[in-house]
Amino acid sequence: MTGRACARASANIALAKYWGKDDVLRNLPAVPSLSLTLADLYTVTRVSFDATLSEDVLEISGVAQTGRAKARASELLDRARALGSERRYARVETHNNFPTASGLASSASGFAALALAATRAAGLTLPLSDVSAMARQSSASAARSLFGGWVALDHGAESARRVAPPEALDVRMVVAVTHPGPKSVGSTEGMQHTATTSPYYAAWIAHAPELFRQVEVALTGGDLDALGEAAAQSALMMHACMWAARPPLIYFRPATLGVLQAIAELREQGVRAFPTMDAGPHVKVLVPAADADAVEARVRQVEGVTGSLQAAPGPDARLIDDDEADLSLTPGAP
Ligand code: DP6
């Protein structure tokens, strides 16, 4: 038995945000979320079970990892081993095609690719929804990266579901990078801190489902304006809740507000551009595909913006063959 498989999964950006957990042990979110999977930002992961290993090995872009990153990968591998009756340790080689310095979350695409490659390498052929449930236990946003297009993780659900295919709306996500370097507080820790200390957490939990519903209804009705307005409110309501924590959790940098101001000005000129921010300072802007270049050019002019990129709606996660993985696993390869 070879015990080896490779997978590729795309990153996703939530439009109706997940922030807070009902069940920390099972990693079940306290609110429903809905995201867009992005074609141009993805992770490729190869898992090789190997009888000569005395522990799991995790390499990101060729660099061996230790500590929490490695432990989280091992926990997922344990679940795949248990399901597939695999006893060997594994070597995990992973590479993101987007620069880590862009500050974009790699845990969603990373755990989605790892769950797909690990279950296949353990001899299992599972429906994507089962792989999604496995990825969710590592990182709830990863559950959504198994599916392409527009994807929901309902409140209480074990796995994500596709709401609409990638082409449901002809849009792009423009990313304005506002600060180099890694984020200060990770999402898992940040949401626990918010839940325990922010008096606005209860309000967030009460209102998030309604914003999720508005995003989903707008999406199925093809209404980008209604979707974008609900999405922008979801992001700002989530951040307001973090700001009210003690001590406050503030991911924004001056350039974050600069980009929000530039988008507000574009909106006054009639451009349909809708911002969203995650557990970091960068701004992602949902725009009609035809306006993406103009919006990207505008946000690049904002003081403090250090980079930008555009991404189109992307496909399902999929298994890939070794040759394709070899190319993508080469550090620096596209
Ligand atoms: C702000 O999925 O990273 O990006 O389940 O603890 O791993 P864990 O959290 P994670 O949180 C993502 C938070 C977010 C919003 C979102 O993606 O919905």
Side-chain angles (χ1 to χ4, degrees), residues 9-38 41 43 68-69 71-73 75-76 96 102-115 132-147 150-160 163 173 175 182-196 198 201 204-205 208-209 211-212 215-216 230-243 245 249-252 256 275-284 286:
S10 289
N12 73 75
I13 300 294
L15 299 161
K17 300 293 184 191
Y18 146 54
W19 194 255
K21 299 173 200 266
D22 266 352
D23 185 329
V24 172
L25 274 183
R26 294 174 63 210
N27 204 32
L28 288 168
V31 295
S33 58
L34 197 153
S35 58
L36 176 60
T37 297
L38 302 176
L41 310 172
T43 300
R68 191 67 199 124
R72 280 178 91 176
E75 284 159 19
L76 192 151
N96 298 320
S102 72
L104 290 162
S106 55
S107 74
S109 53
F111 283 114
L114 179 59
S132 168
M134 182 173 288
R136 190 212 78 248
Q137 294 174 67
S138 294
S139 190
S141 56
R144 301 185 308 240
S145 270
L146 270 307
F147 297 98
W150 308 78
V151 185
L153 179 59
D154 294 303
H155 185 204
E158 297 276 341
S159 58
V163 177
M173 196 67 88
V175 180
K183 61 183 167 188
S184 41
V185 180
S187 332
T188 309
E189 191 191 331
M191 64 180 81
Q192 278 316 106
H193 175 66
T194 311
T196 49
S198 174
Y201 184 70
W204 161 250
I205 297 298
L211 290 175
F212 167 85
V215 169
E216 184 171 20
Q233 190 181 4
S234 174
L236 283 169
M237 198 185 281
M238 176 183 79
H239 281 276
C241 177
M242 300 176 192
W243 282 41
L249 183 53
I250 302 177
Y251 287 107
F252 286 18
T256 313
T276 185
M277 291 75 59
D278 293 297
H282 315 301
V283 185
K284 295 105 182 189
L286 187 69

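When a ligand or atom number is given, it counts from 1 through the structure's own listing order. Small disclaimer: the values here were computed from a predicted structure and weren't measured.
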Per-atom contacts, ligand 1 versus [X] - under 4.0 Å to a heavy atom:
X    : value
M191 : 9 (O), 11 (O)
S141 : 2 (O), 3 (O), 10 (P), 17 (O)
N27  : 5 (O)

Measure [X] to ligand 1 on non-hydrogen atoms and call it side chain, backbone, both or neither using the 4.0 Å cut-off.
X    : result
A14  : side chain
I13  : neither
S139 : both
R72  : side chain

Item checked: R136 heavy atom under 4.0 Å from ligand 1 ->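 Outside the 4.0 Å threshold, so no.
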Item checked: Worked check of side-chain contact (heavy atoms from CB on, under 4.5 Å) between L76 and Q137 -> CA-CA 8 Å; L76 192 151; Q137 294 174 67; over 6 Å; no
Check: Side chain of T37, backbone of S145: donor and acceptor closer than 3.5 Å?
Finding: no
Notebook entry, point to check: For the side chain of W204 and the backbone of S198, is there at least one donor-acceptor N/O pair under 3.5 Å apart?
Noted result: no
Notebook entry, point to check: Which value, rounded to the nearest 0.5 Å, describes the distance between F147 atom CZ and L153 atom CG?
Noted result: 10.0 Å
Item checked: Atom pair OH (Y18) and CZ (R144), whose distance is rounded to the nearest 0.5 Å ->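 It comes to 9.0 Å.
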Checklist line | F252 and H239 aromatic ring geometry - parallel, tilted or perpendicular at 30°/60° bounds | finding: tilted
So, is [X] polar-close to ligand 1, with some N/O to N/O distance under 3.5 Å?
X    : answer
R144 : yes
K21  : yes
A16  : no
T188 : yes
K17  : no

Note to self: Heavy atoms only: which of Y251, F111, Y18 lies closest to atom 11 (O) of ligand 1?
What the structure shows: Y18
Next item on the list: With side-chain contact (heavy atoms from CB on, under 4.5 Å) as the test, would you mind laying out the steps for F212 and H155 before giving the verdict?
Entry: CA-CA 10 Å; F212 167 85; H155 185 204; over 6 Å; no
Checklist line | side-chain hydrogen bond (donor to acceptor under 3.5 Å, both in side chains) between S132 and S159, worked out | finding: CA-CA 5 Å; S132 168; S159 58; 4.8 Å; no
Note to self: Ignoring hydrogens, what is the shortest heavy-atom contact between S139 and F111? Give both atom names and the distance.
What the structure shows: CB-CD1, 3.7 Å
